[in-house]
Amino acid sequence: MKLFDHIKAYFLNIYEAVATISMGMWITFKTAFFERKVTLQYPSHDIIEGKPKDASITTQGNLNPPFEALLGASQQNYKGPLNTQLPERYRGLLGYDEPSCISCLLCALNCPIDVIRVKGVKIEGRKGKAPTTFRIDYSKCMFCGLCVEVCPTDAVFFTRQFEGATFDYRTLIREFISPELSLERMQLAEEAKKHAEKEKKKREDKETPEVGD
Amino acid sequence: MPLATETMVLNMGPHHPSTHGVLRFILRTDGELIHMCRPDIGYLHRGLEKIAEQVPYAHFMPYTDRLDYLAAMNCNLGYAITIERAAEIEVPPRAEYIRVLVAELNRIISHLISVGTFAMDMGAVTPFTHTLREREWVNDLFEELCGARLTYNYIRFGGVAFDLPEGFLDRLSRFLDYFEPRLEQYNRFISKNKIFKERLVGVAVISPEEALDYRLVGPNLRASGIDWDLRRDEPYSVYGDLAFDVPVGVSEIGELGDCYSRYWIRILEMEQSVRILRQCMEKMPEGPYWNRSKKKLKVEPGEFYVRTEAPRGELGFYLISKGGIKPHRLKIMTGSFSAMSIVEKVGSGLMVADLVALIASLDVVAPEVDR
């Protein structure tokens, strides 16, 4: 009787191993051949056809193509569960809108790692201060979004660009205001300052009567 | 006459596929048998606690993402609750439900990674691709919610950064409908696999007393049969209003506290997380999502300790404030760190291949060990 139990356990063990392994194999087989593919050969292949796409958007040529170009026209045909569109709140590389910036320094103050550097001067005909320096160091940025959250005029915002790889990290430090514009603004501010000082002096001169000796 | 044998010192890591990051183990081996196993940590030390002392409270939130990058939402939540208790900030009910929702969603994907890499360390590569497939879907949901896929920086003091986008709950329920059968499929696929079971049952058993002595937390503690879950026993946020079970390890399959029960607990926890998510979706109230204050955040002098249940167990923030906008000291307690301490005890006497199973079953994440 005991021997029979041993034999039974032996064969049960073999049966169980074979049954559970073939069950797992069946799931692998089913997934590999009958289920929809969810992976995508980024960025070189078309999602549906699985063939290389236009060479201009791969390594050579345009280094920062728009995201839509990467996915190609056939993205509408993709029926998998994953998003092929970037969502509205996507946090890509930081963008900067110069005309609306008031140089309030909130973005620079709220950055935990001093990615943003802003300097501004007061010039005529512009709300707030006009920026003379606006530098973003993309190599440090950790895309936390604290600067975008506090910006009162939406001058700092997230773009949908996410391909920032370069061969030289110095290219990741980006000046958004050209040196010429910066110089021009500085001169304008200097002139305005001088002008204001003159005006002030004139007014003071008028107000205080001159004392003769 | 027996041959004289010497023990050999073997370095496992720091760059080893099964150490889940940069971890090093110094092994003294006799053939395949481990005589001594000492973890050498610190390769991923970034000084997060020191950084916390140098930046204002709100600026440390993105750093908590990097604490445990597989469960960034839970780390965000723990830190936010700490500062809210210290500064007495009210949180609107909708924000509380959103927080629990994202935290449980993150628990699911963290456990998915754990289960997938566990199977991969044991030599089964396919389950990893399956679990990552599900994780991508959740990553897409998170990306829609806050714009990032891994380091979310979503939770703020007094609420969350963004409201749920339109149709988010529908898409989430579609995911859950898809995910529940998949979970059952994992069981057929890998959990009930005879080879997988034979490989893990009875390996590296941690008794309940040992687990308590070495301060194991979270799933590792519960797998040893200790019924302790902060979500139920010290409810924070709205966990008190939600009904869920706390899975505790039983010696149904194999021994209590072995590698298999630590694996199995995580599968069961994912089921419970799905349950919590469904309740959150049902109960989601309307209203504001962020009680945002215009004033600069200052914390009164004092000491505060808040612990929350992250996927890798208890995550504690111990804050000492001396007033002002920066903490005087912020100490972070993590589950992976305490899990590392027991490796030396349990690891000696195992085979080298079983040590891989032990490390994988403890589900350590190297940045959380070192901080």
Side-chain angles (χ1 to χ4, degrees), chain A residues 12-32 35-40 42 80-94 106-115 140-150 152 157-160 162, chain B residues 51-52 54-56 58-66 119 124-127 129-130 132-134 136-137 139-154 156 161-162 165-166 168 171 174-175 178 182 185-198 290 292 296:
Chain A
L12 206 68
N13 195 15
I14 292 175
Y15 165 74
E16 204 185 327
V18 171
T20 53
I21 290 167
S22 47
M23 171 70 83
M25 289 300 209
W26 167 243
I27 291 171
T28 308
F29 178 77
K30 210 169 63 176
T31 320
E35 282 191 15
R36 210 165 33 212
K37 284 195 173 54
V38 293
T39 49
L40 181 155
Y42 170 83
L82 306 179
N83 272 351
T84 52
Q85 303 277 357
L86 287 178
E88 209 179 303
R89 293 167 183 173
Y90 184 75
R91 308 212 297 242
L93 295 172
L94 284 175
L106 272 178
C107 52
L109 289 173
N110 270 282
C111 183
I113 35 182
D114 302 337
V115 162
K140 279 196 217 162
C141 180
M142 59 176 175
F143 306 95
C144 62
L146 292 176
C147 51
V148 175
E149 209 173 276
V150 293
F157 57 91
F158 280 121
T159 60
R160 314 180 122 232
F162 54 87
Chain B
I51 292 172
Q54 297 175 7
V55 293
H59 295 187
F60 190 63
M61 191 59 92
Y63 287 101
T64 57
D65 292 336
R66 275 89 183 159
V125 182
T126 319
T129 63
H130 282 232
L132 271 198
R133 175 188 60 199
E134 269 72 273
E136 276 308 297
W137 195 331
N139 276 352
D140 274 350
L141 286 174
F142 276 145
E143 193 180 24
E144 205 180 311
L145 184 67
C146 62
R149 299 174 73 83
L150 194 70
T151 49
Y152 310 112
N153 187 22
Y154 176 61
R156 297 284 188 277
F162 305 102
E166 210 165 301
F168 180 83
R171 283 188 288 277
R174 225 176 74 211
F175 166 73
Y178 161 87
R182 286 290 179 188
Q185 196 192 50
Y186 291 153
N187 290 346
R188 277 186 289 138
F189 192 27
I190 186 78
S191 315
K192 297 206 172 120
N193 189 298
K194 182 79 179 166
I195 298 175
F196 190 67
K197 265 166 63 177
E198 289 281 310
W290 190 359
R292 195 175 183 175
K296 197 147 199 173

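These numbers were taken from a predicted model, which means no experiment stands behind them. Below, chains carry the letters A, B, ... as their sequence lines are ordered, and counting in each starts from 1. Side-chain atoms are counted along with the backbone in the values below, which use heavy atoms only and exclude waters and symmetry mates.
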Supply the atom-to-atom distance B:Met61 CE to A:Leu146 CG, rounded to the nearest 0.5 angstrom.
9.5 Å
Enter the distance from B:Lys194:NZ to A:Thr20:OG1 here, rounded to the nearest 0.5 Å.
7.5 Å
Is [X] in contact with chain A via its backbone, its side chain, both, or neither, using a 4.5 Å heavy-atom distance?
{"X": "B:Ala58", "value": "backbone"}
{"X": "B:Gln54", "value": "neither"}
{"X": "B:Pro56", "value": "neither"}
{"X": "B:Tyr152", "value": "backbone"}
{"X": "B:Arg149", "value": "neither"}

Name the region of A:Leu109, side chain, backbone, both or neither, that has any atom closer than 4.5 Å to a heavy atom of chain B.
backbone
Look at A:Ile21, A:Asn110, A:Thr31 and state which one has the largest set of heavy-atom pairs under 4.5 Å with chain B.
A:Asn110
Most chain B-contacting option - heavy-atom pairs closer than 4.5 Å, from A:Met23, A:Glu16, A:Glu149:
A:Glu149
In short, B:Phe189 meets A:Gly24 closest at the heavy-atom pair CE1-O, 3.3 Å
Shortest non-hydrogen separation from B:Ala148 to A:Arg91 and the atoms involved:
CB-NH2, 3.5 Å
Quick check: do B:Asn153 and A:Met142 have side-chain heavy atoms less than 4.5 Å from each other?
no
For each of B:Arg188, B:Lys192, B:Lys197, tally heavy-atom pairs with chain A at distances under 4.5 Å, and name the one with the top tally.
B:Arg188
Between A:Arg89 and B:Cys146 (side chain of the first, backbone of the second, donor and acceptor by atom type, cut-off under 3.5 Å), is there such a pair?
no
Step through the shown structure and confirm whether more than 12 heavy atoms of other residues, nucleotides or ligands are within 6.0 Å of OH on A:Tyr15.
no
